[in-house]
Amino acid sequence: MTSAPMAVSPQAAATESGTAVLHLPKTSDSPALLRIRHSMSHVLAMAVQRLFPKAQVTIGPWTENGFYYDFDNPEPFTEADLKAIRKEMLKIIGSRLPLERIEVSREEAERRISEQNEPYKLEILAGLQEPITLYTLGESWWDLCAGPHVANTSELNPKAFALESVAGAYWRGDEKRAQLQRIYGTAWETAEQLAEHQRRKQEALRRDHRRLGTDLELFSIEDEAGAGLVFWHPRGARMRLLIEDFWRQAHFDDGYELLYTPHVADIELWRTSGHLDFYAESMFGPMQVDERQFQLKPMNCPFHVLTYASRLRSYRELPIRWAELGTVYRYERPGVMHGLMRVRGFTQDDAHVFCLPEQIGDEILRVLNLTERILSTFDFRQYEINLSTRPQKSIGDDAVWDLATRGLIEALERKGWSYKVDEGGGAFYGPKIDLKIEDAIGRLWQCSTIQLDFNLPERFNLAYVAADGSRQRPIMIHRAIFGSLERFFGIMTENYAGDFPFWLAPEQIRLLPVTDEVLPYVESLQQQLQQQGVRATIDRSGDRLGKLIRNGEQMKIPVLGVIGAKEAETGAISLRSRRDGDLGALPLATLINRAVAANQQRLPGLGDG
RNA sequence: GCCCUUGUAGCUCAGUGGUAGAGCACUCCCUUGGUAAGGGAGAGGUCACGAGUUCAAAUCUCGUCAAGGGCUCCA
């Protein structure tokens, strides 16, 4: 991955709370860390070969947060092995061994590698250009390596490294070649940095949407139903509805119409669209119905195309903007499913724009604006944008590609967003813009995509009647903003760490009766809140207040309302907000006004009224 | 699909060739308690599924399924 600067939207704000955190440099930012990590991987390899003489070395590069080394070993490494290897590494570091760079001839390198019986190294050597360098580690161990390294293992902090995991990896990343054992490690300059790195890993674990999904009762995936199939529980479903309602409104506001299309269609449709040829391995198998075969849909595009083609269209109707929350099913290979992030059944926020060639720029800009409006509502304000241009193998003529690519660029420039260009990275049927969002802990996620398509209009022979009465081919734009509702929901859950903004929380206000005596009053409060569309519940468990508070906080309810004799007398509710702390006692009318306003404006909290 | 690890109560986990365990959650009882866990009792499990070894399998072996960490893939 290149270290190009992050493209930032002009409105980007997202200020973090002022707590000072230890800066953790990435390897590519720090020449010192690069040497440490690179050398650490050599120390790892040496330790492994001391303990496992049959282990053959392959490659051992640094990563942005650490390093790894791939070995060919008859037996996989276990957790216990990792401990032993770590001990051996401590010995090597403690021995203060020098690392030395030696330049050798190709023949010399070949001879030395052959003596050691290291076939992988020989293969690496064959691909190397002069000068060929070895790095020794102490008297007897060396590795073919370009460096750079520290001069002596005494520069490696024995308190600032850890071996993190073992994993399988293919030689040269090719699943047809040997499976190697990869050991991942991390190394830093100081023990404090290592501790911070481990704290962040914990933080990511704390935010894991799979854990939060269970704890907050949002969704589940059931063995009996199958892998990669999502069950939305009431709380998650309520959130999804709120997201969908907002999405629909935003689309109507922006000149879209919504479609509903079937989940299956005659397999001939998929032959026409070409999916049967180039997408077959990602589709669920066909099903026989009467004399025909039907195919579960992996994409919505052909259905929107059929809708367009259902009658003759005039240039006066264009652009046509059609969107659908379309549920699709794709065959994902076993072992690749991951919570909500990678599933077999999911709902795309899919839309297709059919327009005239000269409308491309305006339409793309419109999509960029809508994308920003929708994503920023979920507090995603930092984007990294990629423009992918025509690949070698592609269809369509040069003039159309030029026009389309210029349209994408023009829209990005008008939007004022910086972007990277992936030359030749487009699909065979058209150029595209991909947008990655950055979450609260700095991870990038690709969700939105805007893609021009010269293929489907051709295959389905789409046309509009131009001003001169001739039949012309419309431009087709595919676009998705969330990508998949499931995946976006997972990303958003991790971004908020389960602390959802007030407007989106499935349970917004939980009323906590201090004693049973006030229950009738609490019930009347709940009813009044509900009538105004505020999602209020009552904790009827009968536990003491401390317990009610604890349970409410654990479920990350945005606002807890305490009602005892005092409140019943004064007609108020004592409010405790997760975001803003103690809000004091408010009259019901004030609470309703604030809550309704927060819902309408999609605010993170009740605000100051 | 490949490598490794894991699968025991709703959740988090302990156990180990010889009758299945804890905490939380759940139900009931006592307690009517004011801002992060009041007390007691009870219920709840073909130990993922299938086969094999054994007098005996949750435990050992094999297979299947699923999950986790990676690899690969991701129009």
Side-chain angles (χ1 to χ4, degrees), chain A residues 68 70-73 75-79 81-82 164-184 201 205 208 210-211 214-217 220-229 273-275 277-283 298-299 301 328 330-339 341-343 388 391 426-430 432 434 446 449 451 453 455-456 478 480 483-484 487 512-519 541-555 560-567 574-578 581-585:
Chain A
Y68 66 82
D70 287 348
F71 301 93
D72 191 343
N73 194 49
E75 294 293 315
F77 299 113
T78 63
E79 291 294 314
D81 291 337
L82 281 194
E164 300 189 300
S165 61
V166 194
Y170 298 102
W171 171 235
R172 296 263 149 115
D174 183 346
E175 65 180 305
K176 296 196 175 56
R177 305 193 66 175
Q179 175 114 28
L180 308 173
Q181 296 295 317
R182 175 171 299 178
I183 298 179
Y184 281 97
K201 277 178 63 175
L205 216 60
D208 193 312
R210 293 166 299 185
R211 160 159 292 282
T214 305
D215 289 352
L216 304 183
E217 299 179 28
S220 67
I221 291 165
E222 301 294 331
D223 260 23
E224 290 92 330
L229 301 171
S273 71
H275 288 93
D277 298 325
F278 58 74
Y279 205 67
E281 61 188 32
S282 295
M283 300 198 293
M299 291 190 186
C301 330
V328 298
R330 296 185 182 174
Y331 173 74
E332 296 286 355
R333 301 161 82 187
V336 304
M337 265 78 76
H338 181 89
M341 305 296 196
R342 189 85 177 267
V343 291
S388 302
F428 74 85
Y429 51 76
K432 63 173 177 180
D434 291 322
Q446 199 213 303
T449 176
Q451 196 142 4
D453 188 344
N455 182 45
L456 280 185
H478 305 258
S484 133
R487 184 162 178 276
L512 313 179
V514 178
T515 67
D516 288 347
E517 274 78 74
V518 294
L519 250 180
S541 65
D543 285 313
R544 293 212 157 83
L545 184 59
K547 184 68 167 290
L548 302 186
I549 301 263
R550 180 183 157 83
N551 287 342
E553 293 293 349
Q554 281 186 334
M555 286 304 279
L560 299 176
V562 176
I563 298 115
K566 268 187 297 184
E567 288 80 6
S574 294
L575 296 172
R576 178 187 160 118
S577 156
R578 260 182 90 73
D582 188 356
L583 298 181

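In the text below, chain A, chain B and the rest are named by the order of the sequence lines, each starting its count at 1.
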Looking at the side chain of [X], which of [options] is the nearest nucleotide?
X: A:Thr214; options: B:A75, B:A36, B:C11; answer: B:C11
X: A:Tyr429; options: B:G38, B:A75, B:A36; answer: B:A75
X: A:Val562; options: B:U32, B:G34, B:A36; answer: B:G34
X: A:Ala227; options: B:C71, B:A67, B:G1; answer: B:A67
X: A:Tyr184; options: B:U72, B:A75, B:C71; answer: B:C71
X: A:Lys566; options: B:G34, B:U31, B:C11; answer: B:G34
X: A:Arg578; options: B:C73, B:A36, B:A67; answer: B:A36
X: A:Phe428; options: B:G1, B:G33, B:A75; answer: B:A75
X: A:Arg210; options: B:C71, B:G69, B:G34; answer: B:G69

- Item | Within 6.0 angstrom of A:Arg211 CZ, more than 12 heavy atoms from elsewhere | no
- Task: Quick one: sort the A:Phe428 and A:Phe278 rings into parallel, tilted or perpendicular, breaks at 30° and 60°.
- Result: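 Ring orientation of A:Phe428 relative to A:Phe278: perpendicular.
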- Quick check: does any side chain N or O of A:Glu567 sit under 3.5 Å from a backbone N or O of A:Gly564, one acting as donor and the other as acceptor?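 Yes; at least one donor-acceptor contact below 3.5 Å.
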- Does A:Arg330 use its side chain to pair, donor to acceptor, with the backbone of A:Ser282 at less than 3.5 Å? no
Quick check on [N]: is either OP1 or OP2 less than 4.0 Å from any side-chain nitrogen or oxygen of [X]?
X: A:Arg342; N: B:C74; answer: no
X: A:His338; N: B:G69; answer: yes
X: A:Lys547; N: B:G34; answer: no
X: A:Arg550; N: B:A25; answer: no
X: A:Tyr170; N: B:C73; answer: no

May I have the distance from [X] (atom [atom1]) to [N] (atom [atom2]), rounded to whole angstrom?
X: A:Asp434; N: B:C74; atom1: CG; atom2: P; result: 14 Å
X: A:Asp223; N: B:G10; atom1: CG; atom2: P; result: 13 Å
X: A:Lys201; N: B:G70; atom1: NZ; atom2: C1'; result: 12 Å
X: A:Asp215; N: B:U12; atom1: CG; atom2: P; result: 8 Å
X: A:Met555; N: B:A25; atom1: CE; atom2: P; result: 13 Å
X: A:Asp516; N: B:G34; atom1: CG; atom2: P; result: 14 Å

With a 4.0 Å cut-off on heavy atoms, is [X] in touch with a base, just the backbone sugar-phosphate, or nothing at all?
X: A:Gly542; value: base
X: A:Arg576; value: base
X: A:Ser574; value: base
X: A:Gln446; value: nothing
X: A:Gly546; value: sugar-phosphate
X: A:Glu281; value: nothing

With rounding to whole Å, what would you report as the distance between [N] and [M] at their [atom1] atoms?
N: B:G21; M: B:G42; atom1: P; result: 14 Å
N: B:U16; M: B:U72; atom1: P; result: 38 Å
N: B:G39; M: B:G63; atom1: P; result: 49 Å
N: B:U6; M: B:A58; atom1: C1'; result: 15 Å
N: B:C13; M: B:U8; atom1: P; result: 10 Å
N: B:A57; M: B:C62; atom1: C1'; result: 14 Å
N: B:G69; M: B:C60; atom1: P; result: 25 Å
N: B:A22; M: B:G45; atom1: C1'; result: 14 Å

- Task: Could you walk me through whether A:Leu560 and A:Leu548 pass side-chain contact (heavy atoms from CB on, under 4.5 Å), step by step?
- Result: CA-CA 9 Å; A:Leu560 299 176; A:Leu548 302 186; over 6 Å; no
- Task: Would you mind telling me which residue lines up with the more 5' stretch of RNA chain B, A:Gln451 or A:Gly339, judged by nearest nucleotide?
- Result: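 The 5'-side residue here is A:Gly339.
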- Item | Position toward the 5' end of RNA chain B (nearest nucleotide), A:Met337 or A:Pro334 |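 The residue closer to the strand's 5' end, by nearest nucleotide, is A:Pro334.
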- Side-chain donor/acceptor contact of A:Glu567 with base of B:G34 under 3.5 Å: yes
- Message: Partner lookup for B:U53, please. Criteria are Watson-Crick or G-U wobble with both distances under 3.5 angstrom; report none if nothing qualifies.
- Response: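 None - no nucleotide pairs with B:U53, as no candidate has both distances under 3.5 Å.
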